[in-house]
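Residue numbers start from 1 in every chain, and the chains themselves are labelled A, B, ... in the order their sequence lines are given, proteins ahead of strands.
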There are 2 protein chains.
Amino acid sequence: MEDFMLLKNQLCFAVYETASEFNKLYSSTLQPYGLTYPQYLVLLALWEKDSVTVKELGKKLHLGTGTLTPMLTRMEANGWIRKERSKTDERRVYIFLQKKALNEKKAITKTVSNEIQSCNIGLEEYKQLMERLNQLHRKLKERER
Amino acid sequence: MEDFMLLKNQLCFAVYETASEFNKLYSSTLQPYGLTYPQYLVLLALWEKDSVTVKELGKKLHLGTGTLTPMLTRMEANGWIRKERSKTDERRVYIFLQKKALNEKKAITKTVSNEIQSCNIGLEEYKQLMERLNQLHRKLKERER
DNA sequence: ATAAATTAAATCGCCTACGATTTAATCTTA
DNA sequence: TAAGATTAAATCGTAGGCGATTTAATTTAT
């Protein structure tokens with residue numbers, strides 16, 4: 001039981017650490033573009049589906065407006081996106097990609113992809129880890145209720 | 001290759017999400033004690049080895065003084081730890097657990113343990129995930145150089 | 001039709017997190 | 001030993017991240 005506890009602590013720490021490693025790796029890779037890691041995640045979401053509300057974006061990224069609103073404001077100031085309040089329902093704010101984000105998509109994804117490639121993560125390893133993480137993720141989510 | 005670009009298939013996002021789930025789970029569990037998740041990690045480190053310098057603590061937790069110093073100040077204000085500047089080398093600041101942290105150790109670890117238990121994560125699942133995470137972690141670290 | 005409930009985004013306060021700089025102490029070395 | 005390099009912690013500025021509250025618009029139920 002004591003060992004199991006140790007293991008649990010190690011697991012949460014391992015996840016915490018790995019997330020922070022990813023953060024650093026992506027941050028330095030994205031720095032030349034003037035993007036942060038969370039901002040890149042926003043672009044990934046928008047490249048997949050453009051012109052969504054803040055709410056929808058938050059759902060996809062699991063982020064609330066307390067995080068998104070200021071971040072989107074910064075991204076707008078940097079010319080990545082545009083915010084536009086809906087005419088039909090003025091509560092909603094739609095997010096649109098700007099030209100810059102469309103033009104630089106190829107370059108950014110290529111750079112990131114190269115960087116990750118250089119970590120030599122095998123496809124099998126990748127898949128297994130994804131599977132395990134999603135499994136854990138599901139259990140953590142279930143727990144919440 | 002294309003669905004490799006999808007947000008939900010990105011390993012970095014899975015890690016990011018899982019870390020945030022852990023964070024939320026631990027945060028709500030620790031809230032009654034007036035502890036945050038990173039503060040709990042500090043206690044875990046100190047329960048393992050007390051009276052260490054800020055530097056050593058940072059090495060263990062992979063945190064710099066920009067994060068630690070204000071956090072330790074808060075933890076001192078809340079009675080968990082005590083900071084004491086070394087007499088022999090006044091550059092160093094040693095961190096000591098306070099009685100409160102020692103007295104509540106059992107209760108806190110028990111509560112956390114119970115909470116995590118309720119996620120029904122099997123031992124095998126644990127081990128595999130840890131193994132995969134450490135493997136990934138190693139590769140990310142290697143990449144840095 | 002209007003009061004009440006709901007919804008969406010913004011705002012607020014607090015706590016990480018990190019790179020860069022600053023301050024002060026200690027160590028090296030010329 | 002005095003100047004310069006190194007070290008440890010603190011400080012600063014910027015950017016998440018989150019729970020809670022606020023504001024304004026839209027729905028709903030009466």
Side-chain angles (χ1 to χ4, degrees), chain A residues 13 16-31 34-43 52-59 61-78 80-81 83-95 144, chain B residues 12-13 16-42 52-59 61-78 80-81 83-95 144:
Chain A
F13 189 63
Y16 169 84
E17 239 187 319
T18 308
S20 126
E21 284 303 325
F22 260 124
N23 201 323
K24 282 177 201 167
L25 176 59
Y26 276 81
S27 293
S28 64
T29 303
L30 293 164
Q31 202 203 329
L35 276 174
T36 67
Y37 177 43
Q39 287 173 12
Y40 167 74
L41 293 179
V42 166
L43 288 187
V52 292
T53 63
V54 174
K55 176 99 179 171
E56 287 175 276
L57 196 55
K59 196 170 178 184
L61 297 167
H62 304 281
L63 293 174
T65 63
T67 302
L68 274 179
T69 299
M71 194 166 129
L72 291 171
T73 302
R74 280 187 292 271
M75 290 182 77
E76 184 170 39
N78 292 331
W80 296 109
I81 57 139
K83 297 163 80 171
E84 193 179 311
R85 202 164 277 276
S86 163
K87 290 290 176 216
T88 60
D89 182 347
E90 296 203 4
R91 287 171 305 179
R92 297 173 208 253
V93 168
Y94 280 87
I95 308 298
E144 264 165 41
Chain B
C12 67
F13 188 61
Y16 169 85
E17 241 188 317
T18 309
S20 126
E21 284 302 325
F22 260 123
N23 201 322
K24 281 179 203 168
L25 177 58
Y26 275 82
S27 292
S28 64
T29 303
L30 293 164
Q31 203 204 329
Y33 297 98
L35 276 175
T36 67
Y37 178 42
Q39 287 173 10
Y40 168 74
L41 293 179
V42 167
V52 291
T53 64
V54 174
K55 176 99 177 169
E56 289 175 276
L57 197 53
K59 195 169 178 184
L61 297 168
H62 304 280
L63 293 173
T65 62
T67 303
L68 273 179
T69 300
M71 194 166 129
L72 292 171
T73 302
R74 279 187 290 274
M75 290 182 77
E76 184 170 40
N78 293 331
W80 295 108
I81 57 139
K83 297 163 80 171
E84 194 178 310
R85 202 165 278 274
S86 163
K87 290 289 176 214
T88 62
D89 182 347
E90 296 202 4
R91 288 172 304 181
R92 297 172 207 252
V93 169
Y94 281 86
I95 308 299
E144 264 166 43

In whole Å, I'd like the distance from the [atom1] atom of [X] to the [atom2] atom of [N].
| X | N | atom1 | atom2 | answer |
| --- | --- | --- | --- | --- |
| Y40(A) | dA15(D) | OH | C1' | 19 Å |
| K59(B) | dT7(D) | NZ | P | 12 Å |
| Q39(B) | dC18(D) | CD | C1' | 15 Å |
| E90(B) | dT7(D) | CD | C1' | 15 Å |
| L30(B) | dG19(D) | CG | P | 14 Å |
| R91(B) | dT11(D) | CZ | C1' | 19 Å |

### Task
Indicate whether OP1 or OP2 belonging to dG16(D) is found under 4.0 Å from a side-chain N or O atom of R74(A).
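Answer yes for this pair, as a side-chain N or O of R74(A) is under 4.0 Å from OP1 or OP2.
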### Query
Is K55(B) near enough to dT7(D) that one of its side-chain N or O atoms lies under 4.0 angstrom from OP1 or OP2?
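Indeed not, no polar side-chain atom of K55(B) lies that close.
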So which heavy atom on [X] is nearest to which on [Y], and how close?
| X | Y | result |
| --- | --- | --- |
| V42(A) | L72(A) | CG1-CD2, 4.2 Å |
| S86(B) | Y94(B) | CB-CE1, 3.7 Å |
| E90(B) | R85(B) | O-NH1, 2.7 Å |

Determine the contact category for [X]: base if any of its heavy atoms lies under 4.0 Å from a base atom, sugar-phosphate if only primed atoms, P, OP1 or OP2 are that close, otherwise nothing.
| X | result |
| --- | --- |
| S20(B) | sugar-phosphate |
| T53(A) | sugar-phosphate |
| T88(A) | sugar-phosphate |
| S86(A) | nothing |
| Y16(B) | sugar-phosphate |

### Message
Holding to ring pair (Phe, Tyr, Trp, His ring centres under 6.0 Å), I want the full list of residues that pass it with Y26(A), two or more places apart in sequence or in another chain.
### Response
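Y26(A) satisfies ring pair (Phe, Tyr, Trp, His ring centres under 6.0 Å) with F22(A), Y37(A), Y40(A) once adjacent residues are dropped.
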### Query
Contacts to DNA chain D from residues 63-72 of chain B, heavy-atom cutoff under 4.0 Å, which residues?
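T65(B), G66(B), T69(B), in order of number.
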### Task
On DNA chain D, check which nucleotide each of K87(A) and N78(A) is closest to and give me the residue with the more 5' one.
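In this pair, the answer is N78(A).
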### Message
Under the rule for salt bridge (charged side-chain N to carboxylate O under 4.0 Å, His left out), what residues qualify as partners of R91(B), not counting sequence neighbours?
### Response
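Residues passing salt bridge (charged side-chain N to carboxylate O under 4.0 Å, His left out) with R91(B): D89(B).
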### Message
E84(A): which residues meet the salt bridge (charged side-chain N to carboxylate O under 4.0 Å, His left out) condition with it, sequence neighbours left out?
### Response
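E84(A): salt bridge (charged side-chain N to carboxylate O under 4.0 Å, His left out) contacts with R82(A).
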### Task
Could you tell me from which nucleotide to which nucleotide of DNA chain C, 5' to 3', there is an atom under 4.0 Å from chain A heavy atoms?
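Range of nucleotides within reach of chain A: dT7(C) to dC18(C).
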### Query
So, T69(B) side chain and G66(B) main chain: donor-acceptor pair closer than 3.5 Å or not?
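No; judged by distance alone, with no hydrogens or angles, the pair does not exist.
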### Set of side-chain hydrogen bond (donor to acceptor under 3.5 Å, both in side chains) partners for K83(A), sequence neighbours left out
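Here the qualifying residues are T73(A).
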### Student check: side-chain heavy atoms of H62(A) and S20(B) closer than 4.5 Å
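No; the side chains remain at least 4.5 Å from each other.
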